[in-house]
Number of protein chains: 2
Amino acid sequence: MRPTIKDVARKAGVSISTVSLVMNDRPVPLSPETKRAVLEAAQELGYRPNQLAIGLVTKKTNTVGLIIPDNSNIFFAAYTNHLETAANELGYSLILGNSNNSAEKTVHYLHLFADRGVDAIILAQSEFSDPEMTQKCLDAVRSLRIPVMLIDRLFRTRSTEAVLLDHFEGGYIAAQHLIGLGHRRIGCLSGPLGLTSFQERLAGFCQALEEADIPYDPALVVEGNLLADSAAPVLPALLKRHVSAIFAFNDMMAYGLYKELSRMKIRIPEDISVIGFDDLFFSDVLQPSLTTVAQPLDKMAKAVMSRLSQILREEAGGESLTQVFRPVLKVRDSTSVCRTETA
Amino acid sequence: MRPTIKDVARKAGVSISTVSLVMNDRPVPLSPETKRAVLEAAQELGYRPNQLAIGLVTKKTNTVGLIIPDNSNIFFAAYTNHLETAANELGYSLILGNSNNSAEKTVHYLHLFADRGVDAIILAQSEFSDPEMTQKCLDAVRSLRIPVMLIDRLFRTRSTEAVLLDHFEGGYIAAQHLIGLGHRRIGCLSGPLGLTSFQERLAGFCQALEEADIPYDPALVVEGNLLADSAAPVLPALLKRHVSAIFAFNDMMAYGLYKELSRMKIRIPEDISVIGFDDLFFSDVLQPSLTTVAQPLDKMAKAVMSRLSQILREEAGGESLTQVFRPVLKVRDSTSVCRTETA
DNA sequence: AATTGTTATTAAAACGTTTTTTGACATAGC
DNA sequence: GCTATGTCAAAAAACGTTTTAATAACAATT
């Protein structure tokens with residue numbers, strides 16, 4: 001049906017080896033006439049090489065597997081989008097798997113993708129609460145013998161390729177911004193503190209407090225589940241402590257705060273300032289627009305793919321590399337100068 | 001490195017044909033001992049068949065290409081997520097391409113995916129403003145000789161496989177809902193009316209007006225670009241006409257209305273009702289939550305994949321099938337009884 | 001005229017599978 | 001004792017490429 005190299009060879013009156021040599025522009029002596037004949041035949045037949053066959057012999061498919069928890073999570077959707085763009089620019093295709101944060105599904109996809117001959121795998125997965133699950137993934141990754149790039153903190157070891165955000169600095173600049181506006185009683189709506197990234201955000205937050213000589217009050221830190229609806233149940237605890245600002249450890253929870261505060265007729269930023277983390281698409285659409293700590297996803301995605309491409313071209317040294325990116329503060333309308341007298 | 005069928009054969013002391021027969025559980029006479037030996041060897045070596053090689057001989061890769069305009073568009077991200085889930089349940093993997101609404105990129109991915117031996121392609125693309133572009137895509141699709149499933153209205157012909165929403169009904173139920181609340185001057189913030197889907201939404205809207213004996217006033221229909229920021233420029237025109245409700249043809253533009261109305265101190269739904277279309281994730285988070293027309297993406301995704309799977313198993317009759325799904329009205333807090341006296 | 005060297009092309013092996021055909025050996029029927 | 005009939009297993013071809021080694025043709029050197 002689809003023309004193969006044989007068809008081109010027959011049409012051009014040469015052997016298939018010649019066709020291959022010409023198509024790949026190999027540095028072997030070939031007469032101009034032969035080249036022209038082959039190119040013409042290929043053109044006329046609309047010949048396109050079968051990548052399956054090529055992959056079988058070259059062991060390269062120019063395909064990268066991407067395993068993320070959930071593409072309906074807009075953060076990952078945005079990341080995926082940037083990764084796909086970066087991949088395409090470097091000549092790679094992306095094959096997608098949703099792990100739903102399940103170690104089984106992660107392992108499933110690791111194998112599935114390896115079976116399909118992907119050149120590398122990008123894995124977005126934070127630690128599992130059960131260390132055994134993490135170990136399972138680690139084992140699977142090791143057994144694969146394929147480059148794996150982590151874009152979240154699955155393993156604590158430094159000996160893996162990774163592209164990460166500096167979460168400490170993220171927490172730090174968020175706190176610094178609020179402190180600069182005069183806030184001293186700042187609530188934290190944290191993510192699960194079992195996860196390294198959130199520990200680090202909190203540590204950065206504390207560092208900023210310390211530098212401003214504000215005592216750290218653990219009662220002002222509550223834990224959420226990263227979803228919007230986790231804001232409502234814990235908000236009263238913070239309000240009771242008279243916080244003048246709340247640092248939500250991701251934008252989704254900040255949205256939850258918006259909803260609940262609005263229900264309570266507490267105004268943002270007049271009565272309380274809110275700052276988020278991630279800079280999702282909607283943060284700029286919301287009313288008032290959300291001040292937040294942005295992750296430079298485009299740069300990170302580019303870094304992921306160019307590093308992988310480097311590794312695959314075998315231009316990387318033996319050392320594995322962890323690249324850490326700096327977050328960027330986006331000041332919008334949800335934070336303002338502190339107006340409460342209570343220091 | 002990775003064990004192959006040969007390694008299993010050697011270890012089990014049989015031929016590779018036997019290994020293949022056993023692994024695929026073929027209905028051929030094989031002694032239980034042989035089977036056991038093969039299975040054991042495979043298990044011990046951790047053998048997993050190379051899907052590239054299998055694809056080369058069977059012409060099936062269990063991979064489906066998905067071409068969408070933009071995965072950072074949360075509507076498509078959600079659809080992609082459902083499609084991936086449905087695909088995985090049926091044993092397929094999804095390979096992803098962002099077309100950015102460019103015909104060139106669409107054609108690029110059509111070929112790229114075909115080269116990689118995908119079994120089918122899912123194409124989310126509305127018509128191009130330039131009919132020549134549409135023709136280009138059509139030609140590429142035809143030349144592929146691979147099943148292509150449309151999940152948007154690229155071609156007007158009925159002779160393609162497609163899974164679509166009943167946009168007419170969507171427009172109809174949105175209007176009906178507002179009319180039921182007593183609204184008679186209803187503004188439309190439409191999408192580009194060059195696109196069939198929006199024409200149909202508008203037609204459904206008009207139908208509902210007609211049934212309620214409300215004259216259709218073209219001055220109440222303005223065109224947006226589907227993005228949030230297209231609301232602000234056209235809102236004054238609608239307000240001047242004293243609309244008591246606005247039907248935004250997608251949720252993103254409804255969000256734009258929220259922002260602009262809030263800036264103008266016009267309250268939703270007290271002063272004006274707003275209804276959207278799509279039911280994006282955020283519509284339930286917003287304050288007030290957005291009444292909207294939902295697309296049953298999970299059902300549609302399942303329908304896409306099960307139909308494709310049917311076609312690929314060659315169980316489909318010769319006829320191509322267009323499946324149309326009914327939208328669902330989600331009544332939330334952004335619409336209320338009309339309080340203006342102006343009829 | 002024999003050797004060496006270029007240049008252009010091809011043959012053949014390999015990649016890891018599936019699948020069809022062939023073959024070896026027992027057992028049963030005549 | 002010979003042919004038919006079953007079992008089981010292996011051989012071999014095929015899928016569409018790349019790549020290395022081989023070869024052929026011819027010119028240039030001795």
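No hydrogens, no waters, no symmetry mates; every other heavy atom, side chains included, goes into these values. The chains referred to below are lettered A, B, ... by the order of the sequence lines, with proteins before strands, and numbering in each begins at 1. This one's a predicted model, so the numbers in the text were calculated from it and none came from an experiment.
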Side-chain N,O (B:K60) to OP1/OP2 (C:dT18) below 4.0 Å: no

Test side chain to side chain contact (heavy atoms under 4.5 Å, CB included), reference B:I67, set B:I122, B:I151, B:L110, output is B:L110

| query | Donor-acceptor pair under 3.5 Å: do we get one between A:S15's side chain and the base of C:dA11? | reply | no

**Message:** Any base atoms under 4.0 Å from B:L21, or only sugar-phosphate, or nothing? Heavy atoms, all strands.
**Reply:** base

A:K35 atom NZ is separated from C:dA8 atom P, nearest whole Å, by 10 Å

Query raised in the report: Is A:D70 reaching over with its side chain to a backbone N or O of A:N100, donor-acceptor style, under 3.5 angstrom?
Result: no

Regarding the side chain of A:I54, the nearest nucleotide among D:dT18, D:dA10, C:dG16 is D:dT18

Tightest non-hydrogen contact, residues B:N98 and B:Y109, listed as O-CE1, 3.4 Å

Separation of D:dC15 atom C1' from A:I16 atom CD1, nearest Å, is 12 Å

Checking D:dT7, C:dT18, C:dG16 against the side chain of B:T4 (C-beta onward), the nearest is C:dG16

Regarding the side chain of A:S20, the nearest nucleotide among C:dT19, D:dT18, D:dA10 is D:dT18

- prompt: B:P49 near the nucleic acid: base, sugar-phosphate alone, or nothing, with a heavy-atom cut-off under 4.0 Å?
  reply: sugar-phosphate

Per atom distances to the A:T58 side chain, the nearest of C:dG16, C:dT18, D:dT18 is D:dT18

Output for pair (B:E127 CD, B:T196 OG1), nearest 0.5 Å, gives 3.0 Å

Considering only heavy side-chain atoms of A:V57, the closest of C:dC15, D:dA9, C:dT9 is C:dC15

Rounded to whole Å, the CZ-P distance (B:R48 to C:dG16) equals 16 Å

key: Trace of the salt bridge (charged side-chain N to carboxylate O under 4.0 Å, His left out) decision for A:K136 with A:E132   = CA-CA 6 Å; A:K136 260 192 186 169; A:E132 205 180 304; 5.7 Å; no

Determine whether a donor-acceptor pair (one donor, one acceptor, N or O, separation below 3.5 Å) exists between the side chain of B:S17 and the base of D:dA11.
yes

Taken to the nearest whole Å, NZ/A:K59 to P/D:dT19 is 12 Å

note: B:L52, atom CG; D:dC15, atom P; distance rounded to Å ~ 17 Å

Just to be sure I understand the rule, does A:V28 reach a base, reach only the sugar-phosphate, or reach nothing, if contact means heavy atoms closer than 4.0 Å? nothing

Taken to the nearest whole Å, CG/A:N24 to C1'/D:dG16 is 13 Å

From the candidates C:dT17, D:dC15, C:dT10, the one with an atom nearest any side-chain atom of B:A53 is C:dT17

Rounded to whole Å, CD of B:Q51 lies from P of C:dT17 at a distance of 9 Å

So does A:I16 get a backbone contact from the side chain of A:S20, meaning a donor-acceptor N/O pair under 3.5 Å?
no

From CG of A:L56 across to P of C:dT18 the rounded distance in Å is 12 Å

Ranking D:dT17, D:dC8, C:dT10 by distance to the side chain of A:T18, first place goes to C:dT10

